[in-house]
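In what follows, chains are A, B, ... by sequence order, proteins preceding strands, each numbered from 1. Atom set for the values below is all heavy atoms of this structure, side chains included, hydrogens, waters and symmetry mates excluded.
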2 protein chains.
Amino acid sequence: MEAAKELTYKQGVGVGVDALLKAANVARRSLYEHFGGKDGLITEVLRLSAAEDEAGYQEAMRAAGDDPRRRLLGVFDWLGEVIEEPEFRGCRYLAAELALADPDHPGHDVIRRYRERVHDLLERELRELDHPQPAHAADQLLLLVDGTLAVGAIRRDTHPAAGARQLAEQILGDPRPSTRRS
Amino acid sequence: MEAAKELTYKQGVGVGVDALLKAANVARRSLYEHFGGKDGLITEVLRLSAAEDEAGYQEAMRAAGDDPRRRLLGVFDWLGEVIEEPEFRGCRYLAAELALADPDHPGHDVIRRYRERVHDLLERELRELDHPQPAHAADQLLLLVDGTLAVGAIRRDTHPAAGARQLAEQILGDPRPSTRRS
DNA sequence: TGGTGAGTAGACCGAATGGTCTATCTACGA
DNA sequence: TCGTAGATAGACCATTCGGTCTACTCACCA
């Protein structure tokens, strides 16, 4: 049920309720009883996929081993794979943020909190690395992530994750911790 | 007339025709005679603002002087100002790209060409700098631009342009051309 | 003076929107 | 066996969507 809604939502936040219901094989009434309306559904979908994507970051780092440096760069390798997937249509959260005109929509809060969690995830690894400015560097990494997803959405042929990874390496500094440049 | 439409379009690509007409004080018929419909209007708005924004890049570089390095970094200083503007609501083209579900919409082509022109603008300066990989570096700079605009749209309080500028400096390499690191 | 082109105002259309409604079906527990 | 909770199907509602239409106004020019 949730899965079908997500699938439908990947076609954009502006789809019709009817299309959602048909795709999920769900009665109209059920939707309104469970989520209170379309906005509630959207919010819940965002919350759910935010949890999944956060787990994706964690899994990408876990798969990259124990070295924090490898773990952070592994995130960009993972992003590269995500972008290559044929279903990829850009960052869901950025699209929602731009499409949800109402600034009071609860979805905005969900997205904000999600980004903070990812930021903290990155910052933790940077502290592990003894990076001198972990918070600032996490900001920069997140900027690279956003840029990668944005470019990946517009130019499907190019491979932005590799370029972003190079820049991430520079943020992380010299591979040998004792001689970090900045 | 075009100005009023643009203003209204900053509220999203999904606004109603009626709202557009009212904001521009234009009769319904005029719109359909001039642009053939909503899609034509959107395309024309994209085309127009793409030209304006391209001029914005050029002006930002011109204002930064003659040194290609300064000119490229000036782009990020300019982006920082753009983001700070209270009307800023994210990159118009990214929003359109994500919102225009129909892949055959002529707006996609307008956006693609606009990005290519900006890319070429950046690449030209990189060649001026004797950068070893001007095309690749331009890709990376564009990624930083997209990331900056994306982060600026979501987190209004943070100031992503400064972090992006630092990364841009690394792309450009050592300030002294003869001793470039990579 | 009369005609023409371009604009405006706004009624109107079918389709689709988000949301509420009733009626029906079904599974489960007392 | 009956009652209830929760699901379904789908009619229905007002509103809005993008788009077409007619009727009218106004400036310009021969």
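For A:D18, the listed nucleotide lying nearest its side chain is C:dT17; candidates were C:dT17, C:dT20, D:dG18.
For the pair A:D39 CG and C:dT17 P, the interatomic distance rounds to 16 Å; values are reported in whole Å. Look at CG on A:L20: it is 16 Å from P on C:dA16, rounded to the nearest Å. Across the protein-nucleic acid pair, A:D102 atom CG and C:dG18 atom P stand 15 Å apart, rounded to whole Å. If you measure from atom CZ of B:F35 to atom P of D:dG19, you get 13 Å, rounded to the nearest angstrom. Between B:K22 atom NZ and D:dT16 atom C1' there is a gap of 13 Å when expressed in whole angstrom units. The separation between A:L31 atom CG and D:dG10 atom P is 17 Å, rounded to whole Å. The OH-P distance, from B:Y32 to D:dC17, rounds to 11 Å in whole Å. Summarising the geometry, the separation between CD1 on A:I42 and P on C:dT17 is reported as 13 Å, rounded to the nearest angstrom.
Aromatic ring orientation, A:W78 versus A:Y57: perpendicular (interplanar angle above 60°, classes split at 30° and 60°).
A salt bridge links B:D109 with B:R112: the closest approach of a Lys/Arg side-chain nitrogen to an acidic carboxylate oxygen falls below 4.0 angstrom. In summary, B:E116 and B:R113 do not engage in a salt bridge, as defined by a charged side-chain N under 4.0 Å from a carboxylate O. Using a cut-off of 4.0 Å between Lys/Arg side-chain N and Asp/Glu carboxylate O, A:D146 and A:R115 are scored as salt-bridged.
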Passes side-chain contact (heavy atoms from CB on, under 4.5 Å), A:F76 versus A:L141? Steps please. CA-CA 10 Å; A:F76 290 91; A:L141 287 177; 4.0 Å; yes

When you compare the protein's N or O atoms with those of nucleotides 5-8 of chain D, which come within less than 3.5 Å of each other, and at what distance?
from: D:dA7; atom 1: OP1; to: A:H34; atom 2: NE2; distance (Å): 3.3
from: D:dA7; atom 1: OP2; to: A:H34; atom 2: NE2; distance (Å): 3.4
from: D:dT8; atom 1: OP2; to: A:A27; atom 2: N; distance (Å): 3.3
from: D:dT8; atom 1: OP2; to: A:S30; atom 2: OG; distance (Å): 2.3

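For the 3.5 Å distance criterion, the side chains of A:E125 and A:H131 fail to qualify, holding no donor opposite an acceptor.
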